[in-house]
Amino acid sequence: MHRHLPRAGALAVVLSLAAGCAADRAQRREAVAADERYDAAERAFARRDDARAFALFEAIAQEAPDAADRGLAQYRLASVRVRQGRLDEAERLFAAIEDPERHALGRYRVAVLAIEARGAGDAGRAALRALADEAPDRVAADKAVRYLAHDVDADARATADFLGDLAARHPDALVADNALWWRAHVQLVRLQDLAGARATLRALVEQAPTSPLVDDALWVLA
């Protein structure tokens, strides 16, 4: 037997459902508007319309409810300032990023700026080494070890030693296989240490058998 709600109860249910639908529609409209604003900011950035890009990304960085969205907007703000040569402001903006992944990428960019834009090679290299040690599971750590391996102005032996020690200190971190790969690169290309490069590549294969770099390591060994 079906039971019917009293008229007042039925009306309350209808009004509640209507309010819920209205709230959902409002949330969807807000999400679409946020996406459109972000797309407009990215288009302005790509066109090198720095004034408009900065204004749009600044609004997103201040208003976006999600930390990752704020972090990306802040990263873009800093990138605009890098492009404009306003490096002090860029460093401040990078440092203010909340999102851990973007913050680490910001640290990487600041270190590279120190080396390339300001000629502060020793300080920049020290910052890259610290980043790789302190955030070994971040993408920025992989970027840092790659940059160090290709920095021809740095001491090659010291770089190779650091990369080997880094992999030993963080054997289970994401950076470990990259550190060994780029250590082998330094040994082979810059130190002409063929035996050392072979030993490093064998260590990569043994210690990180599931790494996507294993096939490359085996190919080089062959």
Side-chain angles (χ1 to χ4, degrees), residues 42 45-46 68 71-72 74-76 78-79 82-83 90 94 97 99-222:
E42 286 289 359
F45 185 81
L72 179 55
Q74 194 88 4
Y75 188 83
R76 284 287 194 246
S79 298
V82 170
R83 193 156 68 186
F94 279 132
I97 295 173
D99 176 67
E101 193 69 59
R102 295 287 172 185
H103 182 76
L105 287 170
R107 288 179 62 186
Y108 168 77
R109 289 288 298 276
V110 168
V112 171
L113 284 174
I115 297 170
E116 297 181 354
R118 294 194 167 134
D122 289 343
R125 292 179 195 108
L128 289 174
R129 291 193 292 270
L131 171 61
D133 250 327
E134 294 166 16
D137 285 313
R138 302 290 179 193
V139 171
D142 289 344
K143 289 179 175 289
V145 296
R146 184 183 187 281
Y147 189 96
L148 289 168
H150 288 84
D151 182 3
V152 296
D153 294 324
D155 180 274
R157 176 56 62 190
T159 298
D161 290 345
F162 168 75
L163 293 173
D165 293 342
L166 178 69
R169 283 193 296 273
H170 307 284
D172 300 320
L174 295 177
V175 78
D177 59 341
N178 278 278
L180 291 173
W181 172 258
W182 291 118
R183 181 174 196 256
H185 168 85
V186 173
Q187 290 171 310
L188 187 60
V189 175
R190 297 183 57 201
L191 295 173
Q192 286 78 52
D193 179 4
L194 185 58
R198 282 178 178 150
T200 299
L201 290 172
R202 290 192 185 104
L204 192 164
V205 173
E206 292 170 3
Q207 296 172 22
T210 61
S211 167
L213 292 171
V214 165
D215 286 346
D216 292 328
L218 290 172
W219 186 87
V220 174
L221 281 169

For this session: Give a yes or no on whether the backbone of Ala176 and the side-chain of His170 come within a donor-acceptor separation of less than 3.5 Å.
Result: no

Seminar exercise, completed: Scanning both residues in full, the closest heavy-atom pair of Ala217 with Val205 reads CB-CG2, 3.9 Å

Exercise. Are Arg109 and Phe94 in a cation-pi setup, meaning NZ or CZ lies under 6.0 angstrom from the ring centre and within 45 degrees of the ring axis?
Worked result: no

Exercise. Any side-chain heavy atom of Glu42 within less than 4.5 Å of one from Arg76?
Worked result: yes

Exercise. After noting the C-alpha distance and the side-chain angles of Arg146 and Trp181, does the key distance pass the side-chain contact (heavy atoms from CB on, under 4.5 Å) rule?
Worked result: CA-CA 9 Å; Arg146 184 183 187 281; Trp181 172 258; over 6 Å; no

Problem set entry | Nearest heavy-atom neighbours spanning Leu204 and Asp177 | CD1-O, 3.5 Å

Problem set entry | Pairwise side-chain contact, Asp99 with Leu72, heavy-atom cut-off 4.5 Å (strictly under) | no

For this session: Specify the closest pair of heavy atoms between His103 and Ile97, including all atoms of both residues, with the distance to one decimal.
Result: ND1-O, 3.3 Å

Exercise. Would you say Val145 and Val175 make side-chain contact, with heavy atoms under 4.5 Å?
Worked result: yes

Exercise. Is a side-chain N or O of Arg118 found less than 3.5 angstrom from the main chain of Gly124, in a donor-acceptor match?
Worked result: no

Exercise. Please walk me through it: do Phe162 and Arg125 pass side-chain contact (heavy atoms from CB on, under 4.5 Å)?
Worked result: CA-CA 11 Å; Phe162 168 75; Arg125 292 179 195 108; over 6 Å; no

Exercise. Just by modelled atom types, is the Leu174 backbone N or O under 3.5 Å from a matching donor or acceptor in the Asp137 side chain?
Worked result: yes

Exercise. At what distance, to the nearest 0.5 angstrom, does CH2 of Trp219 lie from CG of Leu201?
Worked result: 11.5 Å

For this session: Could you please spell out the steps behind the side-chain contact (heavy atoms from CB on, under 4.5 Å) verdict for Leu218 and Val214?
Result: CA-CA 6 Å; Leu218 290 172; Val214 165; 3.9 Å; yes

Problem set entry | Distance (rounded to the nearest 0.5 Å) between Leu191 CG and Arg183 CZ | 9.5 Å

For this session: Find out whether Leu131 and Tyr108 are in side-chain contact, i.e. whether some heavy atom of one side chain is under 4.5 Å from a heavy atom of the other.
Result: yes

Problem set entry | Check: Glu101 side chain, Val139 main-chain N or O, donor-acceptor pair, under 3.5 Å | yes

Seminar exercise, completed: Heavy atoms of Ala179 and Leu166 approach each other most closely as CB-CD2, 4.0 Å

For this session: Return the minimal non-hydrogen interatomic distance between Ala168 and Pro171, and the atom names on each side.
Result: O-CD, 3.3 Å

For this session: For Pro100 and Arg138, work out which heavy atoms get closest and say how close.
Result: CB-NH2, 3.2 Å

Problem set entry | CG-CG distance between Asp216 and Leu221, expressed to the nearest 0.5 angstrom | 11.0 Å

For this session: Find the distance between NZ (Lys143) and CG (Asn178) and round it off to the nearest 0.5 Å.
Result: 11.0 Å

Seminar exercise, completed: dist Arg190:CZ -> Arg157:CZ (nearest 0.5 Å) comes out at 11.0 Å

Problem set entry | Intermediate values then yes/no, side-chain contact (heavy atoms from CB on, under 4.5 Å), Leu163 and Leu180 | CA-CA 7 Å; Leu163 293 173; Leu180 291 173; over 6 Å; no

Exercise. Does a sphere of radius 6.0 Å around CG in Asp161 hold more than 12 heavy atoms from other residues, nucleotides or ligands, not counting ones at 6.0 Å or beyond?
Worked result: yes

